[in-house]
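Some notes on the structure that comes next.
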Amino acid sequence: LKVFYGTHLPAGGKVLDLLSSWTSHLATGKGADKTDGYFARVSAVGMNEAELRANKALHDFNVADLNRFPNLRMYGDETFDAVFCSVSVDYLSKPLEVMAEIGRVLRPGGFVIFTWSNRMFPTKAIQAWRQALNLNDYGSVALTSIFHDFLKHRAKMQMVGCQGTVSVHPSFTLPLAS
């Protein structure tokens with residue numbers, strides 16, 4: 001993940017770490033510590049103030065529960081060059097509302113990176129994601145494809161890191177590259 005972010009997040013850019021905690025999964029010399037100067041700004045939104053304070057990558061942060069209040073009002077329009085969310089998208093109970101906000105805070109040409117895994121805290125993940133994982137990971141790919149379509153067509157954003165096609169069911173495939 002650190003290598004991926006180091007390759008795709010814009011050096012010198014302003015980036016938002018969505019649903020952040022004690023680490024932003026950034027590589028040493030490529031934003032892991034705000035003093036390395038790799039990014040102009042790394043901002044974060046998360047729920048645990050102590051964890052956010054411990055995150056050395058952050059220039060600033062906001063404590064917010066995006067499930068209760070699915071907005072990023074603390075940021076102006078077109079503030080960020082990129083938004084990334086590391087293995088936490090499955091905890092959003094109102095993901096499309098949050099994604100609309102991501103579209104608002106991204107600069108034209110900006111992009112979003114979502115990463116996820118087959119591991120989660122079942123008591124925190126939304127029901128749709130828990131049920132999707134019961135489908136041997138095909139369901140989480142389908143959910144992510146829905147997010148991709150929303151981002152591409154409604155929010156006018158691009159996704160990186162989803163290349164080619166992913167087989168979801170023997171009878172069809174979902175194209176994930178824009």
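When side chains are defined from C-beta on, Phe80 counts as touching Arg41, because their heavy atoms get closer than 4.5 Å. Counting only heavy atoms from C-beta outward, the side chains of Asn62 and Tyr75 approach each other to under 4.5 Å. A heavy-atom distance below 4.5 Å is not found between the side chains of Leu16 and Phe84. By the 4.5 Å heavy-atom criterion applied to side chains, Leu18 and Val98 are counted as neighbours. You'll find the side chain of Ser43 stays beyond 4.5 Å of the side chain of His59, heavy atoms only. At a threshold of 4.5 Å between non-hydrogen side-chain atoms, the residues Val42 and Asn55 do not count as touching. Two residues are said to be in side-chain contact when any heavy atoms from C-beta on lie closer than 4.5 Å; Phe39 and Leu9 meet this criterion. Under the 4.5 Å side-chain criterion, counting only non-hydrogen atoms from C-beta, His25 is not in contact with Phe4.
Side-chain contact check for Ser86 and Tyr5: at least one donor-acceptor pair (N or O, by modelled atom type) lies under 3.5 Å.
Between Leu106 atom CG and Glu78 atom CD the span is 9.5 Å, to the nearest 0.5 Å.
Asp36 has no carboxylate O lying under 4.0 Å from a charged side-chain N of Lys30, or vice versa, which leaves the two without a salt bridge.
Legend: residues meeting side chain to side chain donor-acceptor pair (under 3.5 Å) with Arg73, ordered by chain and number and at least two apart, are absent. Every residue two or more places apart in sequence or in another chain that forms a side chain to side chain donor-acceptor pair (under 3.5 Å) with Asp33 is listed here: Thr35.
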message: Using the rule given for salt bridge (charged side-chain N to carboxylate O under 4.0 Å, His left out), can you reason through Arg107 versus Asp81, listing the C-alpha separation, both sets of side-chain angles and the distance that settles it, and then say yes or no?
response: CA-CA 6 Å; Arg107 292 183 174 151; Asp81 301 300; 3.1 Å; yes

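Put simply, Met74 and Val112 are part of the same group of oily side chains (I, L, V, M, F, W, Y) that touch within less than 4.5 Å, one to the next.
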